There are 2 protein chains.
Amino acid sequence: MKRISSRATSFDVAALAGVSQSAVSRAFTPGSSIAEEKRAKVLEAARKLNYVPNSIASSLTTKRTNIIALILGNMGNPFYVHVLHEFSRRLQALGRQVLIFTVDPGSESDEAILRALQYQIDGVILTAAQLSTRMTSLCHDRGIPIVLFNRYIPGSDASGVRCDNVGGGRLIAEAFLAAGAKSFAMITGDPKGTTSQDRVRGFVERLMEEGIRRSEIEEVGGQSSYDGAAQAALTLFGDRARPRPDALFGINDIMAMGAVDALRYRLGLKIPEDLMVAGFDDIPEARRAPYKLTTVRQPINQMVEQTLALMHLDEPDRPIERGIDMPLASRLIWRSTIPVPPAYRSDIADDAGMDESG
Amino acid sequence: MKRISSRATSFDVAALAGVSQSAVSRAFTPGSSIAEEKRAKVLEAARKLNYVPNSIASSLTTKRTNIIALILGNMGNPFYVHVLHEFSRRLQALGRQVLIFTVDPGSESDEAILRALQYQIDGVILTAAQLSTRMTSLCHDRGIPIVLFNRYIPGSDASGVRCDNVGGGRLIAEAFLAAGAKSFAMITGDPKGTTSQDRVRGFVERLMEEGIRRSEIEEVGGQSSYDGAAQAALTLFGDRARPRPDALFGINDIMAMGAVDALRYRLGLKIPEDLMVAGFDDIPEARRAPYKLTTVRQPINQMVEQTLALMHLDEPDRPIERGIDMPLASRLIWRSTIPVPPAYRSDIADDAGMDESG
DNA sequence: GCAATCATTGAATGCGCATTCACAGTCGCG
DNA sequence: CGCGACTGTGAATGCGCATTCAATGATTGC
């Protein structure tokens, strides 16, 4: 059995193939000037030696690692898992690698970004975490694009990609109103996050247009999780003495699901008969039989594409766009947690799941 | 506003601090020989220049990148999401970075491993994907440990970490029998995976000990997903003409959940009255109110620790253990999809969720 | 048929850092 | 008071590769 040298270098391959090291490098670099015959010889030698090019070494000279840092702030929310999956797929297809960092929901991402910078990453995608201006400029000074996913930071240099959360909130208010709701409640998430704020704002805004006062809309904040929302639902609806609102907006699907389960199984309420509920995101779980959640669909694939476009990985020298924020349109998915008013009958979700075009 | 040089190098820092480049390197290397006073001077200069050490460059000399490749074969199963999260947390705490690769469930991981090797990763963790012997030796020849998570490959040099799936399958058979079940069915997953095979084996083995013949145990394979299992459940139970088995084993929780929903909402069956169901894994979703799934808990944290131990990241020169496979004990979590027999009353899950000790 | 162009090629260089080596002080101990 | 044992230090080197540069032979155009 042939003893194979572990970690052969381009020089080893060059020696075996009887060519220069430059030639080996060229053989593995698409588009470089090398005779097809010679390239074949090099590849053959490389195969014999189990040679694997060292990307780390090459990135020393090229200044590109093809690594993208993905910072995840809330893996407990399936929405972000879905996002991770989508980014992973797309970036792999583009020949990029994904370096993962998980941080506690809503906490600072500074440490993670610092670590990422040490690895000379080509870009940063940030979900559900705070971003300091110091880190933003640290990245931008180095020509590293940083994109906020599903959030934006007012006044920040960092660009962001998100859907129209205000509009989405309005859609939900609209749906509740159309279904005849008169009194309203919300379970909100991270109060520092613009995502939650905007959804609330759109929702409230629309209701106020109908003459409902803000003070009449009950609100409870919770941990941005299934359990947090279940807890919040109990504090909102557990008190039998108070009149019960007849519509509940869960600020995202996973929280809406937590609320739905608490309402049904702990308080014995019927949805939508006793109470209508809506979520936001349209995660795959939202359409499962126990939930059939009426919700607003985020155009994940569009958002992912937009994010990649903002990073313009193919033109690394292009100056980074600062502070871009182009909200994408979202749309309402009618299912079963709000009675469907006649005018909307044709909109009922066929439930092919989250669709590709968004 | 001070114009900050982008990407200062250790030489820049050295110049500003009035020391040699070696000193800068030492200042950032814990445990190296440098006077505290000088280190402080270096760090001060580094701060002024926004210097971030280049891990890529340093790994060229140290031969360690502190990057671990994590190959995920089935992100649709929350179990693996949980696993990813756990690895991410642990590895970050150990000062390692996680490079993610997603591959289609059950497909070859060769391409992903090859990409990982280019980045000179320090180790590979593989979940729910196939592994060729060629890749195994490619890694091992380079001294890179590769650990299979939640599976093993008979005859492979790669070590694996998993729970006692055979024993877990037996626990479930046991539970069904204790609850008085007489006829049985299974929805199985990836037929190539030892995990599914072993669970089936233990389950069938235990039933056969009670005189039940293998041919009497109905089995349908499905896509290893919620939807795949829902589909499988309909083919198993949709035929009203045949006698209905009174116990169904879903090979993992996400599939059991898909089956439960299909049985309840499509076929109108009551669980556990008409039919008992069990899953496997004990994912966080399993304990939610609509499911309350009786299942076998995998000791995730133990498994993660075991995996890290097998990679002995702190002793990179230690030879790699080949073909290690030490199944960890699993245990049954009683919830509501199997009627709890009197003898087991004290075992009912308090449902604090997946616990830390496993 | 000859000069000008072009496609290939290898030697040399540098990317940013850790590490080795030799050397200058310091200290301890007899 | 003196010599070995240490500690701290900087110059020099090399990690594995891409790239530049100059040189070569091949090809084209006229």
Side-chain angles (χ1 to χ4, degrees), chain A residues 5-43 45-46 49-67 117-122 142-143 316-317, chain B residues 5-43 45-46 49-67 117-122 142-143 316-317:
Chain A
S5 78
S6 71
R7 310 219 193 194
T9 72
S10 59
F11 277 95
D12 301 331
V13 176
L16 179 60
V19 300
S20 72
Q21 178 266 330
S22 316
V24 177
S25 172
R26 291 189 180 107
F28 282 92
T29 307
S32 66
S33 170
I34 186 173
E36 200 44 58
E37 182 192 357
K38 176 162 291 195
R39 152 171 283 143
K41 221 163 47 173
V42 168
L43 294 183
L49 294 176
N50 275 333
Y51 170 71
V52 175
N54 185 334
S55 301
I56 294 292
S58 85
S59 66
L60 239 201
T61 19
T62 60
K63 311 275 187 200
R64 327 243 82 235
T65 54
N66 290 324
I67 297 176
L117 282 177
Q118 296 185 200
Y119 282 85
Q120 315 299 113
I121 36 80
D122 292 349
R142 286 151 200 267
D317 295 328
Chain B
S5 80
S6 71
R7 310 219 193 195
T9 73
S10 58
F11 278 95
D12 301 330
V13 175
L16 180 60
V19 300
S20 72
Q21 178 267 328
S22 317
V24 177
S25 173
R26 289 187 181 110
F28 282 92
T29 307
S32 66
S33 171
I34 186 173
E36 200 42 60
E37 184 192 357
K38 176 162 292 196
R39 154 172 281 142
K41 222 162 49 173
V42 169
L43 294 182
L49 294 176
N50 276 333
Y51 170 71
V52 175
N54 184 332
S55 301
I56 294 292
S58 84
S59 66
L60 238 202
T61 23
T62 60
K63 311 274 188 199
R64 327 242 82 234
T65 54
N66 289 324
I67 297 176
L117 282 178
Q118 295 185 195
Y119 282 85
Q120 316 297 114
I121 37 80
D122 292 348
R142 286 151 200 265
D317 296 329

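Note that the structure is predicted; figures quoted are calculated from it, not measured. Each chain gets a letter, A, B and so on, in the order its sequence line appears, and its residues count up from 1.
- At a threshold of 4.0 angstrom between heavy atoms, the contacts of Ser22(B) include nucleobase atoms, whether or not backbone atoms are also involved.
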For this session: Given side-chain contact (heavy atoms from CB on, under 4.5 Å), test Tyr119(B) with Asn66(A) step by step and report yes or no.
Result: CA-CA 10 Å; Tyr119(B) 282 85; Asn66(A) 290 324; 3.5 Å; yes

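- Each of dG16(D), dA12(C), dC17(C) was ranked by its minimum atom distance to the side chain of Ala57(A); first place goes to dG16(D).
- The minimum heavy-atom distance between Ala8(A) and Tyr51(A), with the atom names listed, is O-CD1, 3.2 Å.
- Taking atom CG of residue Leu60(B) and atom P of nucleotide dT13(D), one finds them 18 Å apart after rounding to whole Å.
- Note: CZ (Arg64(A)) to C1' (dC17(D)) measures 17 Å, nearest angstrom.
- Rounded to whole Å, the distance from CG on Asn54(A) to C1' on dA18(D) is 12 Å.
- Note on Tyr51(B): a side-chain N or O is less than 4.0 Å away from OP1 or OP2 of dC17(C).
- Closest approach of Val13(A) and Ala46(A) over heavy atoms only: CG1-N, 3.8 Å.
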Protein and nucleotides 6-9 of chain D: nitrogen or oxygen contacts under 3.5 angstrom:
{"residue": "dG8(D)", "atom": "OP2", "partner": "Ser33(B)", "partner atom": "OG", "Å": "3.4"}
{"residue": "dT9(D)", "atom": "OP2", "partner": "Ala35(B)", "partner atom": "N", "Å": "2.8"}
{"residue": "dT9(D)", "atom": "O3'", "partner": "Lys38(B)", "partner atom": "NZ", "Å": "3.3"}

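- Applying the salt bridge (charged side-chain N to carboxylate O under 4.0 Å, His left out) rule to Arg26(B) yields no partners; only residues at least two apart in sequence or on another chain are considered.
- Atom NZ in Lys63(B) sits roughly 13 Å away from atom P in dG14(D) (whole-Å rounding).
- Distances shown here put a side-chain N or O of Ser25(B) below 4.0 Å from the OP1 or OP2 atom of dA18(C).
- Within the 4.5 Å cutoff, side-chain heavy atoms of Pro316(B) are placed close to those of Arg64(B).
- Side-chain N/O atoms of Ser10(A) include one lying less than 4.0 angstrom from OP1 or OP2 on dC17(D).
- The distance between atom CZ of Phe11(A) and atom C1' of dG14(D), rounded to the nearest whole Å, is 11 Å.
- The separation between Ile56(B) atom CD1 and dG16(C) atom P is 13 Å, rounded to whole Å.
- Remark: C1' of dG16(C) and CD of Gln118(A) are 13 Å apart, rounded to the nearest angstrom.
- For the atom pair OG1 of Thr9(A) and CG of Leu49(A), the computed distance is 9.0 Å after rounding to the nearest 0.5 Å.
- Here dT19(C) presents its P atom at 15 Å from CZ of Phe28(B), a figure rounded to the nearest Å.
- Counting only distance, with no hydrogens or angles, the side chain of Thr65(B) and the backbone of Gln120(B) share a donor-acceptor pair below 3.5 Å.
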